[in-house]
Amino acid sequence: MITFLKRLTNKNTQINKPVFRFCTANPSNNDVLGDYVIKSKMSGHSSENLYEKYKNFYNVQIEKINIPGTTIVKNRDQAHKVVKILKSLPNREHAWDTETVDVDAKLESPIGKGKIICASAFCGIDVDFGNGPRLFIDNFAQNTDLILIFKEYLEDSRYKKIWHNYGFDRHIFYNHGINVQGFGGDTMHLARLADPSRGPKEYSLANVTKHYEEEIKYLKRSLIDDLRKSIQVNTQELQTVLTALQKGADLPHEIIQKFQLHRFNSRDEQIHFINDQMQKWLIKKQPAYLYEKYYLNTNLKTNMKQLFGKKKYLKDGKEGKTIEFPNTIRMHTDPELIEKWVHYSCLDAEITFFVFQVLKDELKSLSTNFEDMRNMLDLYNKYWKPFGEILTDLERRGFELNLEHLDKIRVQAENDMIKLEKQFLDWVCSTQQGVEQFNYSSAQQLQQLFFAPFKRKKRVTKDKIDANLDEKEKKDLEGIKNFEENSAIDDEDDNFRQESFNEQNEDYDEDDDEESPQKKKRLFKKAKPQEDDDDGYLSDGRKKSVRKEEDDIPQTKAFKVLNIKGIIPEGKKKPPKQLDMNITGLGLDVINLTDSGMPAADLPVLKILAGNPKKGNYGAIGEYYKQKGDEEMGKKASQAIESLIQLKQVETLLTTFIIPLRELADKDGRIHCSLNMNTETGRISARKPNLMNQPSHDKDVYKIRSAFQAGKGKKLIVADYGQLELRILAHMTNCKAMIDAFKMGGDFHSRTAMGMYPKLKEEIEKGELLLEWDKSQGEPPAPLLKDKYSSERKKAKMMNFSIAYGKSAHGFSKDWNCSMKEAQEALDAWFADRKEVKEWQDNTKKIALEHGYTQTMMGRYRNLERLTHSKSARHLVQHGLRASINTPIQGGAADLVIAAMVKVSKDPKLNELGYELLLQIHDELILEGPEEHAQEALARVIEIMENPLDTPLLLKMEVDAKVGNNWYECK
DNA sequence: ACACTGGGCCAC
DNA sequence: AAACGTGGCCCAGTGT
């Protein structure tokens with residue numbers, strides 16, 4: 001428990017903690033900077049409410065600032081004028097963005113926390129808000145809540161607002177009492193739809209902009225040119241303008257517009273002169289002119305780092321690596337920063353506007369013929385756009401938690417840990433001296449204890465390897481590799497590669513047919529500069545490592561531990577904070593290796609070590625001590641490891657589920673996660689906290705799921721699809737055997753087993769074996785398949801689940817501890833009556849290899865070029881091939897559930913009954929609504945989920961749904 | 001004190 | 001080199 005408590009107080013904070021200054025608080029004073037130096041942690045969990053705190057201050061900088069082409073709303077009058085202009089533009093998209101205070105987006109939800117410090121909007125280069133097309137709205141200090149003047153407009157669905165990461169801004173607006181309506185699109189989602197495979201960090205506004213830089217530049221230029229072309233200027237008008245100018249009169253808008261866009265090429269000196277004069281005069285009048293003059297060629301990237309980042313200085317005066325940012329209040333009030341700040345803020349909205357237009361074109365070029373859709377833009381409008389808004393609804397709604405229950409199980413779990421830790425540590429201490437502070441949470445210490453001494457393979461980061469490659473090597477890697485040499489191991493893969501090689505060299509540039517695969521291939525803009533073999537990223541966005549040289553680990557190794565007893569070593573006066581703890585390894589046979597070549601000490605390994613002490617099986621550790629002639633110690637060790645296994649499980653439940661749930665719940669006890677469309681297959685993911693990986697029924701020993709409850713007087717409906725992905729597979733492959741099996745109903749896995757083993761089929765045909773039996777009809781007249789051949793059924797079930805993931809004979813042989821031949825036979829048996837699946841898989845892989853993409857059921861594309869490109873390393877190609885057959889299934893299921901959610905959320909009957917969606921977990925929907933309408937709503941939910949699409953699939957979608965008071969009950 | 005990496009584990 | 005796909009997150013250890 002000591003180590004556990006120590007860890008709780010030693011959490012990584014990940015918070016930037018800048019010191020900031022605020023300008024004068026008194027409008028009558030001079031704008032002296034630094035009158036107030038406020039030290040603030042700006043932590044997300046800070047109780048300080050800076051927005052409220054400064055509402056009586058006066059930000060002189062906002063009053064002073066004046067930027068050509070940028071309309072800065074500094075007071076109520078200007079706000080009303082701008083609203084009027086916004087409302088005069090109902091037929092175009094309005095791009096919006098906000099900057100915020102009092103919320104740390106990395107750590108916490110913007111729901112109920114965080115305020116707008118300023119907002120910006122952009123509706124096109126031809127819109128003049130008073131001082132140009134860029135719009136910046138102050139909402140801080142003297143202008144606190146100025147944004148409320150825009151409330152009516154923002155809540156009016158006639159005006160379509162577009163965003164980059166809508167959810168965040170929508171929640172922040174809601175914190176001001178503004179419920180934004182008229183969702184016009186989210187460029188983050190558009191970019192994902194266009195190409196979901198660019199890497200986890202490539203969908204920030206800055207990176208999306210960079211990706212489409214050329215297109216955006218072209219678009220901006222052509223917008224200006226179009227305006228110019230539409231305007232003809234004659235000499236008479238020119239004279240009128242000149243005269244008017246000399247008199248200093250205001251000219252009609254139309255006339256001004258003509259002149260500000262016209263280029264007086266080489267008419268004569270006078271015209272040039274007039275034009276110059278006029279431009280000087282017009283500079284404050286014309287949005288597009290201003291836009292062209294000041295912003296057309298500005299840097300497109302909206303990178304915070306470039307604008308505001310400063311390298312932190314170390315104590316010795318050298319530049320450090322970490323980059324610091326001033327906080328938003330500082331940037332909003334500092335005379336040296338505010339211009340850049342306004343520019344940055346406006347650029348976000350502006351670039352969102354342009355990126356949106358470019359992405360619309362991009363999506364139009366990606367075709368599909370699913371349902372009535374023609375391309376990805378249709379798909380976006382029909383499904384992804386409404387779904388994007390639904391996700392923000394779910395985030396806002398949250399899920400009610402039973403906090404008392406969480407507190408109760410937290411105490412239970414902590415007490416269990418104390419007991420289990422003692423049981424384990426007692427044994428560890430009996431193996432050697434001085435290991436009282438052994439940390440069971442440390443994989444390294446466990447490795448050391450059980451397996452040292454051993455040889456490990458040292459990992460080196462990819463960066464370092466790249467740096468070590470000399471130029472020649474790099475060139476070699478970039479060059480075209482020999483096909484034979486680089487081809488895959490499997491014969492089938494060899495065939496694919498050979499074919500793709502041939503086709504790529506034939507007629508590549510000829511085909512202009514829209515539907516031709518060659519055309520499609522070119523639809524993906526090349527992502528990052530192609531690396532030689534790897535994208536270099538882990539699934540969570542972190543840099544990958546690569547194996548390299550070997551390295552020995554000694555039998556005894558030191559680990560640092562806290563000096564809790566305050567021991568003073570010889571020759572020292574003060575107790576050091578840390579001491580060395582030596583762990584001497586037992587030298588057990590290594591059971592499994594980690595990715596980096598270290599001996600693994602994970603659950604399967606520990607289970608092998610422990611055996612099953614309750615049944616008298618003392619596992620590998622028992623065997624180890626037996627050979628040393630100490631059977632008693634073997635028993636103790638086995639029991640200790642058994643405790644360790646439980647201990648680790650309890651620890652996981654406590655630290656990843658119970659404690660974070662409690663801490664992230666809002667003041668009303670509801671938990672709001674963030675739901676993201678950020679996967680390569682089109683599934684969603686959840687964060688802060690991840691509500692999609694809560695322990696399932698059998699692992700949920702503390703009943704964590706029962707803490708997710710319906711509100712007072714309400715019920716939950718939990719509805720999930722049965723074998724959704726297998727049904728999608730059956731549909732997409734048009735596999736007769738699978739479709740029939742699903743049509744017959746009953747236990748699908750038993751049916752699979754029957755198809756795999758002729759012997760079982762025979763018995764069933766003879767009536768000696770039953771596929772299933774309704775127990776209410778009494779005892780079955782013959783044995784059931786799932787009882788008599790449970791191991792066959794188990795195998796069939798495992799294969800059903802893993803084959804869609806692309807699992808190979810090698811994987812099965814490892815899992816089942818059997819020979820490759822046996823595993824291959826099982827695989828062949830599975831495919832025996834499912835030839836269509838095999839054909840489809842082969843064909844899909846072929847397309848992936850040839851053209852570098854795969855498509856989901858709805859026609860969504862996943863770009864696999866990085867993996868299947870001929871330059872890619874073999875293991876990456878194989879990964880790409882598995883992904884190519886998995887994505888249509890997983891992504892197709894995601895498509896279908898999205899369709900179901902869109903239907904559910906706008907269903908008039910469910911709305912009337914008061915039932916609302918709370919959460920989606922891939923194939924499961926959770927709704928909440930009034931108790932009295934539960935059954936009616938249940939039936940309706942099932943009805944919708946079974947028929948989510950306009951055109952039905954080849955087989956029925958089966959839905960299992962339950963009503964209950966909490967998530968645990970609804971199993 | 002913070003950022004990053006490796007190991008491990010939860011879900012579908 | 002890897003052998004089952006898609007995610008998020010917690011902890012320890014180490015480098016800066």
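In this text the structure is predicted, and so the values were computed from the model without any measurement. Heavy-atom basis, side chains included; hydrogens, waters and symmetry copies ignored. Chain naming here is simple, since letters A, B, ... match the order of the sequence lines and numbering starts at 1 in each.
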Trainee: Measuring from the side chain of A:S685 (C-beta onward, heavy atoms only), which nucleotide among C:dT6, C:dG8, C:dC11 has the closest atom?
Mentor: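 Out of C:dT6, C:dG8, C:dC11, the nucleotide with an atom closest to A:S685's side chain is C:dG8.
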Trainee: Return the nearest nucleotide to the side chain of A:A443; candidates are C:dG7, B:dG7, C:dA2.
Mentor: B:dG7
Trainee: Taking only residues two or more places apart in sequence, or in another chain, which ones meet A:D923 in a side chain to side chain donor-acceptor pair (under 3.5 Å)?
Mentor: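 In terms of side chain to side chain donor-acceptor pair (under 3.5 Å), with neighbours along the sequence ignored, A:D923 is linked to no residue.
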Trainee: Where the side chain of A:S442 is defined as all heavy atoms beyond and including C-beta, which of C:dG13, C:dA3, B:dC10 is the nearest nucleotide?
Mentor: C:dG13
Trainee: Only distances under 3.5 Å count here; give the side-chain donor-acceptor pairs of residues 886-894 of chain A to other protein atoms, sequence neighbours excluded, each with its distance to 0.1 Å.
Mentor:
| residue | atom | partner | partner atom | Å |
| --- | --- | --- | --- | --- |
| A:N886 | OD1 | A:Q890 | NE2 | 3.3 |
| A:N886 | ND2 | A:A804 | O | 3.3 |
| A:T887 | OG1 | A:R862 | NH1 | 2.7 |
| A:T887 | OG1 | A:A883 | O | 2.8 |
| A:Q890 | OE1 | A:T681 | OG1 | 2.8 |

Trainee: Looking at A:S696, I'd like to know whether one of its side-chain N or O atoms comes within less than 4.0 Å of OP1 or OP2 on B:dA11.
Mentor: yes
Trainee: Separation of A:Q578 atom CD from C:dT14 atom C1', in whole Å?
Mentor: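 After rounding, the gap between these two atoms is 12 Å.
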Trainee: Are A:R198 and A:D195 close enough for a salt bridge, meaning some N to O gap below 4.0 Å?
Mentor: yes
Trainee: Return the value, rounded to whole Å, for the distance between atom CE of A:M598 and atom C1' of B:dT5.
Mentor: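 It works out to 13 Å between those atoms.
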Trainee: At under 4.0 Å between heavy atoms, what does A:A893 touch on the DNA or RNA strands: base, sugar-phosphate, or nothing?
Mentor: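 No contact at all - A:A893 keeps every heavy atom at 4.0 Å or more from the nucleic acid.
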Trainee: Counting side-chain heavy atoms from CB outward, which of C:dT6, B:dC9, C:dA2 is closest to A:K648?
Mentor: B:dC9
Trainee: Could you tabulate the donor-acceptor pairs under 3.5 Å formed by side-chain atoms of residues 815-822 of chain A, not counting sequence neighbours?
Mentor:
| residue | atom | partner | partner atom | Å |
| --- | --- | --- | --- | --- |
| A:D815 | OD2 | A:K807 | NZ | 2.4 |
| A:S819 | OG | A:K821 | N | 3.4 |
| A:S819 | OG | A:E822 | N | 3.1 |

Trainee: Can you check the A:L661 CG to B:dA11 C1' distance for me, whole Å?
Mentor: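 A:L661 atom CG is separated from B:dA11 atom C1' by 14 Å.
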Trainee: So if I take residues 444-452 of chain A and measure heavy-atom distances to DNA chain C, which residues fall below 4.0 Å?
Mentor: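 Within residues 444-452 of chain A, the residues near DNA chain C are A:Q444, A:Q445.
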Trainee: Rounded to the nearest Å, what distance is computed from the CG atom of residue A:D720 to the C1' atom of nucleotide B:dA11?
Mentor: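 After rounding, the gap between these two atoms is 13 Å.
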Trainee: A:Q694 versus A:L691: any side-chain heavy-atom pair under 4.5 Å?
Mentor: yes
Trainee: Would you please confirm or rule out a distance under 4.0 Å between OP1 or OP2 of C:dC10 and any side-chain N or O of A:N690?
Mentor: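 For C:dC10, OP1/OP2 do not have a side-chain N/O of A:N690 under 4.0 Å.
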Trainee: On a whole-Å scale, what distance lies between the C1' atoms belonging to C:dA3 and B:dC10?
Mentor: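 It works out to 23 Å between them.
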Trainee: Within the structure shown, what part of the strands sits under 4.0 Å from A:Q694 by heavy-atom distance: base, sugar-phosphate, or nothing?
Mentor: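 The residue A:Q694 makes sugar-phosphate contact but no base contact.
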Trainee: Of the candidate nucleotides C:dA2, B:dC10, B:dG8, which contains the atom at the shortest distance from the side chain of A:F657?
Mentor: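 Taking heavy atoms from C-beta onward, the closest nucleotide is B:dC10.
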Trainee: Using a cut-off of strictly less than 4.0 Å, decide whether A:K560 has a side-chain nitrogen or oxygen near OP1 or OP2 of C:dG13.
Mentor: no
Trainee: Can you name the closest pair of heavy atoms from A:N800 and A:L726 and give their distance?
Mentor: O-CD2, 3.5 Å
Trainee: When the distance from NZ of A:K106 to P of C:dG8 is rounded to whole Å, what number comes out?
Mentor: 16 Å
Trainee: Could you check which of C:dG7, B:dG8, C:dG13 has an atom nearest any side-chain atom of A:D602?
Mentor: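 Nearest nucleotide to the side chain: B:dG8.
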Trainee: OP1 or OP2 of B:dG7 versus the side-chain N and O atoms of A:T594: is any pair under 4.0 Å?
Mentor: yes
Trainee: Short question: side chain of A:Y721, backbone of A:M945 - any donor-acceptor pair under 3.5 Å?
Mentor: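 The answer is yes, because a donor-acceptor pair under 3.5 Å joins these two groups.
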Trainee: Would you tell me if any nitrogen or oxygen in the side chain of A:R862 comes within less than 4.0 Å of OP1 or OP2 on C:dT6?
Mentor: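 Checking C:dT6 against A:R862, a side-chain N or O does come within under 4.0 Å of OP1 or OP2.
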Trainee: If you find the nucleotide of DNA chain C closest to A:K688 and the one closest to A:H922, which residue's nucleotide is nearer the 5' end?
Mentor: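 The answer here is A:H922.
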Trainee: Please list, by residue number, the residues of residues 794-815 of chain A whose heavy atoms come closer than 4.0 Å to an atom of DNA chain B; answer none if no residue qualifies.
Mentor: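 Of all residues in residues 794-815 of chain A, none places a heavy atom under 4.0 Å from DNA chain B.
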Trainee: Whole-Å distance between B:dC10 P and A:N693 CG?
Mentor: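 From A:N693 CG to B:dC10 P: 10 Å.
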Trainee: Please report the distance, rounded to the nearest Å, between NE2 in A:H879 and P in C:dC4.
Mentor: 12 Å
Trainee: On the side chain of A:R683, is there an atom forming a donor-acceptor pair with the base of B:dC12 - under 3.5 Å, no angle test?
Mentor: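 For A:R683, whose side chain was compared with the base of B:dC12, there is a donor-acceptor pair (under 3.5 Å).
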Trainee: With rounding to the closest Å, how many angstrom separate the P atoms on B:dG7 and C:dA2?
Mentor: 12 Å
Trainee: Would one find more than 12 heavy atoms of other residues, nucleotides or ligands at under 6.0 Å from atom CD of A:Q824?
Mentor: yes
Trainee: Hey, is the side chain of A:T656 poking within less than 4.0 Å of OP1 or OP2 on B:dC10, counting only N and O atoms?
Mentor: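 No, no such contact exists.
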Trainee: Rounded to the nearest Å, what distance is computed from the CG atom of residue A:D698 to the P atom of nucleotide B:dC10?
Mentor: 10 Å
Trainee: Check this for me: does any side-chain nitrogen of one of A:E924 and A:K971 sit under 4.0 Å from a carboxylate oxygen of the other?
Mentor: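 So A:E924 does not pair with A:K971 through a salt bridge.
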Trainee: Consider the side chain of A:K699, meaning its heavy atoms from C-beta on, and name the nucleotide among C:dG7, B:dC10, B:dC9 that approaches it most closely.
Mentor: B:dC10
Trainee: Which pairs, with at least one residue in residues 884-896 of chain A and sequence neighbours excluded, count as a salt bridge (charged side-chain N to carboxylate O under 4.0 Å, His left out)?
Mentor: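 Listed by first then second residue: A:R860-A:D895.
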Trainee: Run the salt-bridge test on A:E642 and A:K607 with the 4.0 Å N-O cut-off and return the result as yes or no.
Mentor: no
